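Below is one structure, written out as structure tokens; comments come after it.
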2 protein chains.
Amino acid sequence: MSVTIYDVAKKANVSMATVSRVINGNTNVKPITRQKVLDAIEELGFRPNAVARGLASRKTTSVGVIIPDVANLFIADLARGIEDIATMYKYHIILSSSDQQKTKEIDLFYNMLEKQVDGIIFMGTTITDEHIEAFKKANIPVILAATIAESEELASVNIDYYQAIQDAIQFIEEKSKGDIGFVTSPLNNRSNEIRKQSFVDAMKKSGKSDAELEKLIFNSDDTYDSGIQASHYFLGLEEKPETILVSSDELALGVIHGLQDEGLKVPEDIAVVGFDNTRLATMVRPTLTTVMQPMYDIGAVSMRLLTKLLQGEQVEEKQVTLPHRIIERDSTK
Amino acid sequence: MSVTIYDVAKKANVSMATVSRVINGNTNVKPITRQKVLDAIEELGFRPNAVARGLASRKTTSVGVIIPDVANLFIADLARGIEDIATMYKYHIILSSSDQQKTKEIDLFYNMLEKQVDGIIFMGTTITDEHIEAFKKANIPVILAATIAESEELASVNIDYYQAIQDAIQFIEEKSKGDIGFVTSPLNNRSNEIRKQSFVDAMKKSGKSDAELEKLIFNSDDTYDSGIQASHYFLGLEEKPETILVSSDELALGVIHGLQDEGLKVPEDIAVVGFDNTRLATMVRPTLTTVMQPMYDIGAVSMRLLTKLLQGEQVEEKQVTLPHRIIERDSTK
DNA sequence: CTGAAAGCGCTAACAC
DNA sequence: GTGTTAGCGCTTTCAG
């Protein structure tokens with residue numbers, strides 16, 4: 001069938017151990033021997049069987065990546081960041097989508113353990129005790145990417161969502177004294193919950209009553225269409241907000257278009273601020289002012305952190321917080 | 001270290017062969033024995049090591065997927081289609097991006113062979129002899145998804161790109177007698193080449209000279225920004241086209257916004273037709289008339305085809321052509 | 001219906 | 001520097 005290390009050894013008149021040394025770049029091989037082996041490999045078209053290697057060495061050089069959904073620009077950037085760094089460190093990626101379902105998240109996690117991945121990067125919704133139990137049981141490093149866990153033992157890479165919303169509100173208030181509406185993404189996601197809480201806290205601080213506050217919040221499901229619905233909701237209000245702060249860019253496009261479809265002008269009539277800074281933010285008119293969440297970097301840093309953990313490098317801080325910032329474009333005055 | 005099949009066997013007082021039978025759903029096990037084994041598995045928290053299993057059975061139940069770029073909506077849909085079906089058939093996905101580089105495409109391919117994937121779904125640019133050689137050398141099924149190969153031996157799932165452009169042109173000509181401009185995606189991709197050829201053929205048939213034709217084509221690099229450039233190019237022409245046919249939706253958004261930024265109205269002044277029908281097509285004003293390329297289905301059908309090949313099912317036709325159609329929205333009159 | 005035993009292709013001590 | 005020899009954890013004949 002296919003050519004093995006043993007065939008190479010025979011052809012090169014050496015032992016399989018020597019062949020193994022050569023393919024693993026072990027230095028203790030005489031140059032002449034090495035060349036002999038290399039020639040035999042070349043001639044036979046030998047390619048090491050990664051499965052056998054994985055079994056023998058207990059390392060697969062693959063890492064599992066669990067994300068909510070591939071078909072999401074925002075998450076794709078994360079994936080790209082992970083992949084670029086993984087390639088750099090010669091790791092392979094086994095990628096699966098959980099569709100935001102908790103049971104699937106956990107199933108996938110165990111499946112990846114069965115595959116003997118060397119580590120896992122996990123992006124999910126809310127981290128439950130069940131998640132934590134699974135993570136602990138795994139004897140491999142797990143990194144949470146753009147995913148909040150209360151537990152301080154878990155390695156993670158995030159931005160400060162609470163502060164990001166505070167900053168966005170401050171930014172908005174510097175430009176306009178009017179009300180701010182808020183469109184949430186689904187609250188089964190901890191980071192969305194935090195954003196909402198941040199908004200609530202800020203509004204209360206400026207003296208809004210619970211009743212007022214409630215009207216200013218629209219709970220969406222994080223799709224373009226629900227962005228459109230959100231815009232309708234706000235337009236139906238007696239006291240319309242002057243600015244709408246939206247939990248994601250895709251949602252924000254929906255809001256903008258929803259407003260425009262009703263004949264309003266953005267930002268003259270109502271300003272809109274997004275969140276994420278995906279490519280979408282510049283693919284709309286007016287271009288979208290948004291809170292940049294560096295997804296590519298979150299992916300890249302997560303993967304880099306994982307490689308450090310995997311290679312036993314010193315890691316000073318397992319919980320990384322990356323900077324965010326407001327990117328001002330034309331959807332605000 | 002971790003619990004193995006042997007530990008389970010000992011605990012259940014059976015041989016490891018029996019345990020193996022149980023976990024593989026082999027029927028030849030007495031119910032009572034099966035239960036004993038199941039209990040032991042449960043108690044020990046045993047999870048089979050997929051690597052060892054892969055080595056012993058020479059099957060990994062993983063399939064490799066090579067795509068040009070994760071961070072592309074259009075491709076993400078493909079990935080999603082693949083994934084959904086893979087999950088259904090209990091295959092795992094090893095996903096890698098080639099960044100459209102031929103050497104990387106081939107490297108990834110060989111890497112996946114080393115990982116002993118059971119099959120590979122390949123989406124790439126132009127299939128060269130080198131590709132074909134690699135595909136042949138692999139003793140596993142390979143499916144080309146949304147990727148053209150001249151060779152008839154390769155399994156593939158595509159739409160008829162040539163016809164799709166013909167249809168688009170016919171659609172346009174039914175609405176408007178004016179010139180049609182064409183924005184290509186990079187021509188290092190065979191399917192883009194075909195689309196361009198289709199456009200050229202159609203224009204020649206309607207009597208355009210080579211010189212006229214040349215002016216009507218703008219070669220882009222398939223980004224939003226180059227869509228904007230394309231619009232500037234066409235606006236600079238003495239005889240402006242009445243409709244611009246664009247090779248991808250993202251590009252088309254660029255064209256639309258480029259036109260609008262210059263004060264033109266779409267579709268009144270110039271109409272725009274996209275290609276792909278990604279989610280973007282509805283996330284723009286006016287919404288985009290576009291040629292639907294069913295990427296999700298291409299992914300799903302590719303994966304399904306692969307499972308058939310993998311399970312030795314009868315496959316009547318290895319080259320599948322999926323239907324396309326024009327979706328009319330507001331960017332055309 | 002169940003067990004024994006021989007690998008799958010490679011790595012990793014341990015010798016020499 | 002290089003070879004020998006155990007395994008890694010499982011599947012898969014082959015017996016019985």
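Keep in mind the model is a prediction, meaning the values are calculated, not measured. In what follows, chains are A, B, ... by sequence order, proteins preceding strands, each numbered from 1.
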With heavy-atom distances below 4.5 Å as the criterion, would you say the side chains of [X] and [Y] are in contact?
X: Lys115(A); Y: His92(B); result: yes
X: Leu310(B); Y: Tyr91(B); result: yes
X: Lys10(A); Y: Met16(A); result: no

If we check side-chain contact (heavy atoms from CB on, under 4.5 Å) with Gln35(A), which of these qualifies: Ile32(A), Val37(A), Thr33(A), Asp39(A)?
Asp39(A)

Short N-O contact, Asp118(B) and Lys59(B), less than 4.0 angstrom
no

Over how many whole Å does the gap from [X] atom [atom1] to [N] atom [atom2] extend?
X: Asn28(A); N: dC16(C); atom1: CG; atom2: P; result: 19 Å
X: Ile41(A); N: dG9(C); atom1: CD1; atom2: C1'; result: 14 Å
X: Lys36(B); N: dT2(C); atom1: NZ; atom2: C1'; result: 10 Å
X: Lys30(B); N: dG3(C); atom1: NZ; atom2: C1'; result: 14 Å
X: Arg58(B); N: dC10(C); atom1: CZ; atom2: P; result: 11 Å

Checking the side chain of Asp84(B) only, and the main-chain atoms of Gly81(B) only, is there a donor and an acceptor separated by less than 3.5 Å?
no

Identify, with sequence neighbours excluded, every residue that meets ring-ring contact (aromatic ring centres under 6.0 Å, His included) alongside His131(A).
Phe122(A)

Pick the nucleotide of DNA chain C nearest each of Thr33(B) and Ala50(A); which residue has the one closer to the 5' end?
Thr33(B)

Would you mind classifying the nucleic acid contact of Asn49(A) as base, sugar-phosphate or nothing, using non-hydrogen atoms under 4.0 angstrom?
sugar-phosphate

Considering only dT2(C), dT2(D), dG3(D), which nucleotide approaches the side chain of Val14(A) most closely?
dG3(D)

Ignoring backbone atoms, test whether Ser15(A) places a side-chain nitrogen or oxygen under 4.0 Å from the OP1 or OP2 oxygen of dG3(D).
yes

So, does Thr18(A) get its side chain near the phosphate of dG3(D), meaning an N or O under 4.0 Å from OP1 or OP2?
yes

Report, as a single string ordered 5' to 3', how protein heavy atoms within less than 4.0 Å touch nucleotides 11-16 of chain D: B base, S sugar-phosphate only, - not at all.
BB----

Closest non-hydrogen atoms of Ile132(B) and Ile127(B), given as atom of the first, atom of the second and distance, are CG1-CG2, 3.7 Å

Stepwise salt bridge (charged side-chain N to carboxylate O under 4.0 Å, His left out) test for Arg80(A) and Asp99(B):
CA-CA 11 Å; Arg80(A) 187 125 194 79; Asp99(B) 299 325; 2.4 Å; yes

So which of residues 106-120 of chain A are in contact with DNA chain D, with a heavy-atom cut-off of under 4.0 Å?
none

